[in-house]
Structure formats: structure tokens, C-alpha cells
Number of protein chains: 2
Amino acid sequence: MSSRCEQCIIRQLNSLGELTKDELLRISGCKTSQYVKKGEVLFEEGQYINGVFCVKDGVCKVTKMSTNGRDQIVKLIKKGDLIGERSLISEEASNLKATAINDMEVCFIPKEEIVKDLKSNNNFTMSILKDLATSLKEADNVIVDMAQKTVKQRLAETLLHLKKNYQVSEDKPLDIQLSREDIANIIGTATESAIRLLSSFKKEKLISLKGKEIYILDPQTLQQIAEGF
Amino acid sequence: MSSRCEQCIIRQLNSLGELTKDELLRISGCKTSQYVKKGEVLFEEGQYINGVFCVKDGVCKVTKMSTNGRDQIVKLIKKGDLIGERSLISEEASNLKATAINDMEVCFIPKEEIVKDLKSNNNFTMSILKDLATSLKEADNVIVDMAQKTVKQRLAETLLHLKKNYQVSEDKPLDIQLSREDIANIIGTATESAIRLLSSFKKEKLISLKGKEIYILDPQTLQQIAEGF
DNA sequence: GATAAAACATGATAATTATCAGCTTTTTTA
DNA sequence: TAAAAAAGCTGATAATTATCATGTTTTATC
């Protein structure tokens, strides 16, 4: 493997696209590539990552353990996304854990290289800044949803969110295989509650379920449920 | 009013402290100062702020309206904090509303000036970047709490958080006057539920209440409750 | 391919939380 | 300072959600 960053199309999907040809050549020389199998952990909560991952393919869940002992999925990361920038910038251990949801291909760029570019390439820094600003806005939205919406509303919202990000074409199922427990850990409820609500959505023909495959049949009604009607 | 930024000690509390003397002189010449009375709105959700507020004194709540029609307090902003950077960086209207909780004194710095310094002063940009990274981590923690903890746990957690940030000295009440509705909107519950839980905490001698004044009597037990014991 | 383990599913019940109603106290306003 | 409005409080009840128990289906492993 170990392809060249300058020729990698993935970088156009994130802040690395702001780097100059010379900078990319330098990164290319020190980055490492790796495959991560479904279920494997990219990094643990509390671990010093010492760099940034660039996701070339696959999806991973980013979780945090509550003091109650239950995992919460904070976000899903997919092809083109970076992970690890936040901890790198704060110069601290990761506050989150990342686990592959399907087989992944990722590149790892050591901390020093990223820091070098953050100091010298303002376009790159501003791009990372914008990413964090967007993440913060999304996190605020999630806080409001978690605090104010019912589990049913949150499930409807989550399904629409998944449709937006993981549905390749109409009439195709969502291109992400989440267990019922994963879904419960996204919306913040017990697995049984998530299963029950999925069943009721299926009964109302809002979705259809074939094993782990989810088809979104009626996004309009799901939207109304999500908004509280 | 209209004091000089170069001489203002508040700037040492936030990223503006990274600006050079020349930059501060420039900012000083274009900033405006204003008093905001308790209950007044600094900016609305959806409004273009076109700049950044630097809080010289007082506290404000930053809220977002849920589609359910209820306000959620996303965070509290106090002396030394900046507000508005996130929207400025994303170049979009504010996703949040800010309302003064007591009388405030704030400075407003126009967008162009901040952008100028973000482009030319890397220390300033990195400081803002670190702020956003910290905010994002805190937001992730709130998401997990909202999703996984009970209302009782969240109230205990909130009281400890308030103690940490607003208790000037032992045996003094929290130096922030929140209505019962505000407290409910922080923890994401109905006002009646918040009142009931406060009463029960009072009965158990974990806190004492005199009107809106809150005394934290037993932080250890509150900590245990927050963590689920 | 048989067996074990994990994931999925559903019912019964308990716990948590929201809602509504009515009352008291505090704050605001004229 | 009196009246009105807002905030605070409590009880009763309904709705939501969690937990436990148990059985089925799917997946993994030898």
C-alpha cells in the first residue's frame, strides 16, 4: 500500500486538501497506512494518539463511556474524515474511543507534522478551525435533541441523519451496518427500547428491516416525528 | 467608558491576550462597549452577529430552541469569555441565542478585525483553535450526560459545575442567580421536576436554598449522585 | 454441520419523568 | 403600596422509558 498523499483524492475531502504540494510530499514520507478490521479499536479513551487519522475507507464509531457504565456513540466517522485533531490541538489524551464498524483503511500522520503545518500554513489552520466550528455546532444540536426530545423523536432523527450520510441511492438500504445496540447507543436509550421503536416504525411502514439492513420508506413522516408532531 | 484594550486585564483571560500591542491598539480603535441589562438579549438565534463579544463583567446564558418549543441552555458565559467566534469562523448566522442573566458589560469587536488577526497572527489563531477544541470536548461530555444520566444525576452534576465556576468562597452561595426554569433548561427537564429534585436535595441537606441563592453543603455526596451511586 | 455465543425480539413490570391543576410567595408595574 | 404578573411549590395522574425474564434467530467457532 503506502500510496502518495499528493495523488490521493481523499485529501480533497478534508483539511489536508489545503496543504501545498511540498507539504504533502513531506507528509507522504512519514505517514503510515493500515487496515483496521471490523470491531477493532483505532484508539482508546485516555490514550495519547500522537497524530491524526485520515479515513480512506470504512466507517467507525466514536464513543465515550458514561460513569453509569454505558457507551454513548458521540459521532460516526466515514471516508474522507479526519479523527484525532481535537485531542492533538488540546495536547491531551483522547477523550473518546474509536472502533471500526466495518473494515477500514486509514492513514496515520504523526503529530509533529500536523503541528508544523498548523504553524506555517494559515489556510490549513483555518480549515481545521472551520471543521471544529462545524463539529461544535453539530454537538450543540445533539445536546438540545438529547435534552429535549423523546426517544422516539431521536430515533426518527437518527434514521434521517443516517439516510443523509449513508444512503447511496433510493431503494437501497443504508450503507452502514449498525447493531441494535449501536443504534440504542446513538440515541441514548436501552437496547430493548430501540428495538421496540424500530419494530413500531416498521409496523407503520416508515422503514423496512431485513436483518441489519434498514430501508427508509417514509422520510417525510419521520421528519414530522423528529420535529414533534 | 470605552477603555483601551492594551490596558484591559480581561484580555488576559482569553485569546485576545495573544494579540500584539499594535494589534490591540487597532482593535481598541474600532471596538464598541455596551452595557446589557439583566434579561436583555445580546443576539438572537439566526442573527448575523458580525463580530465577537468579549465579556468584561456579568453572566449570560446561551440557548437554543428545540423544535418541541422548549429552550435548552447550552452553556453559561462569564467574565473573560468570548462569544460569537464559532459563527464568525463558520461565516454563518448564529445557531444560538444569548441572554443576560445579570447586568453585563461587554465589548464588541467587528468581524473584519478578528478575521485580519486570524490570518496574520498564528498565536491568536492557535489560541482560538484550542478554545474551540476545549468547547468541543465539553460538549461531548454534555452529550453523554444528557443521553445516559438521569435527571437527578444531571442536577447533581450541574450544581457541582456551578460551584466550580460561580462559588467565590466557601460558605457563600453560588454567585449566579438562576431561576428554577433556567436550572430546568440546563439539565433538560420540566421546571416542576427540577423544583422537586432541588427540594429533595435540600431535605437531604446536600444543598440549602434561600430564594434563588443556592448553597452547596455536601459536594462529596453530590459527586456520588452525579456518578450514579 | 453441530454447538455455543451473541444478537434480536417481546411481554410484564417497575421506575422515572411529564403534564395538569391549584395554590402560595415573590417580583414587577402602575 | 395595591394590583397584577411571574415564579415557585406540591399533589395527582399519565406517559415514557428502563429493567428483567424468557424465547427465538442469527452469527461465530470448532
Side-chain angles (χ1 to χ4, degrees), chain A residues 37-40 61 66 68-73 99 101-103 145-158 176-203 207-214 225-226 228-229, chain B residues 37-40 61 66 68-73 99 101-103 145-158 176-203 207-214 225-226 228-229:
Chain A
K37 288 219 172 115
K38 176 179 172 174
E40 284 182 2
K61 58 181 174 184
S66 162
N68 288 14
R70 277 231 296 254
D71 260 326
Q72 176 65 28
I73 297 184
T99 312
I101 277 190
N102 50 25
D103 293 352
D145 288 346
M146 289 294 177
Q148 303 279 4
K149 292 190 171 179
T150 64
V151 174
K152 188 175 182 182
Q153 287 180 291
R154 267 139 55 195
L155 176 59
E157 185 126 311
T158 295
I176 180 172
Q177 294 246 328
L178 296 167
S179 69
R180 299 296 190 257
E181 190 180 5
D182 284 336
I183 294 174
N185 290 348
I186 292 173
I187 64 183
T189 192
T191 306
E192 297 96 320
S193 300
I195 290 173
R196 258 184 262 272
L197 279 170
L198 281 170
S199 300
S200 86
F201 280 3
K202 181 184 175 182
K203 202 170 283 176
I207 60 175
S208 114
L209 300 168
K210 280 177 190 152
K212 283 195 175 50
E213 291 190 335
I214 300 174
I225 290 171
F229 296 107
Chain B
K37 287 219 173 117
K38 177 180 173 175
E40 283 182 2
K61 58 181 175 184
S66 162
N68 288 14
R70 278 230 296 253
D71 260 326
Q72 176 66 28
I73 297 184
T99 312
I101 276 190
N102 50 23
D103 293 351
D145 288 346
M146 288 293 177
Q148 303 279 4
K149 293 191 171 179
T150 64
V151 174
K152 188 176 180 179
Q153 287 180 291
R154 266 139 58 196
L155 176 59
E157 185 126 312
T158 296
I176 180 173
Q177 294 247 325
L178 296 167
S179 68
R180 299 296 190 258
E181 189 180 6
D182 284 335
I183 294 173
N185 290 348
I186 292 173
I187 64 184
T189 192
T191 307
E192 297 95 322
S193 299
I195 290 174
R196 258 184 263 271
L197 279 170
L198 282 169
S199 299
S200 86
F201 281 4
K202 181 183 173 181
K203 202 171 284 177
I207 59 174
S208 112
L209 300 168
K210 282 179 189 149
K212 284 195 173 53
E213 291 192 334
I214 299 174
I225 290 171
F229 295 107

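Side chains included, hydrogens not; waters and symmetry mates left out as well; all remaining heavy atoms used. Just so it is clear, the model here is predicted, and its values are computed rather than measured.
- Within the structure, the side chain to side chain donor-acceptor pair (under 3.5 Å) test picks out no pair touching residues 185-197 of chain B (sequence neighbours left out).
- The distance from atom CG of Leu178(B) to atom CD1 of Ile183(B), rounded to the nearest 0.5 Å, is 5.5 Å.
- Within the helix from dG1(C)-dC30(D) to dA30(C)-dT1(D), the inter-axis angle between the opening and closing five-pair segments is 60°, rounded to 10°.
- For Ser66(B), the side chain to side chain contact (heavy atoms under 4.5 Å, CB included) criterion is met by Val144(A), Gln148(A), Lys149(A), Asn68(B), not counting sequence neighbours.
- Looking at residues two or more places apart in sequence or on another chain, you find a side chain to side chain contact (heavy atoms under 4.5 Å, CB included) between Ala156(A) and Phe201(A), Leu222(A), Ile225(A), Ala226(A).
- In this structure, the side chain of Gln72(A) engages the main chain of Ile186(A) through a donor-acceptor pair within 3.5 Å.
- In this structure, the side chain to side chain contact (heavy atoms under 4.5 Å, CB included) partners of Lys38(B), at least two apart in sequence or on a different chain, are Asp103(B).
- The CD atom of Glu157(A) sits 10.5 Å away from atom OG1 of Thr150(A), with the distance rounded to the nearest 0.5 Å.
- Note: CZ (Arg196(A)) to P (dG11(C)) measures 8 Å, nearest angstrom.
- Using a 4.0 Å cutoff on non-hydrogen atoms, the parts of residues 177-192 of chain B near DNA chain C are Thr189(B), Ala190(B), Glu192(B), ordered by number.
- Remark: Asp182(A) engages Lys61(A) in a salt bridge (Lys or Arg N to Asp or Glu O under 4.0 Å) (not counting sequence neighbours).
- Between the CD1 atom in Ile214(A) and the CD atom in Gln177(A) there is a gap of 9.0 Å [rounded to 0.5 Å].
- Here the shortest heavy-atom pairing between Ser179(A) and Lys212(A) reads CA-CE, 3.7 Å.
- As rounded to whole Å, 14 Å separates atom P of dT19(C) from atom CD1 of Ile195(B).
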Inset, instruction - Between protein and nucleotides 22-27 of chain C, map the contacts as a letter string: B base, S sugar-phosphate only, - none, heavy atoms under 4.0 Å, written 5' to 3'. - result: ------

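- Atom CD1 of Ile187(B) sits about 8.0 Å away from atom CE of Met146(B), to the nearest 0.5 Å.
- Along DNA chain C, the nucleotide nearest Lys38(B) and the nucleotide nearest Arg70(B) are compared for position; the residue whose nucleotide lies closer to the 5' end is Arg70(B).
- Between chain A and DNA chain D, the heavy-atom contact criterion of under 4.0 Å yields a 5' to 3' nucleotide range of dT17(D) to dC20(D).
- Within the nucleic acid shown, Arg154(B) has no heavy atom closer than 4.0 Å to any nucleic acid atom.
- Shown here are the side chain to side chain contact (heavy atoms under 4.5 Å, CB included) partners of Lys203(B), two or more places apart in sequence or in another chain: there are none.
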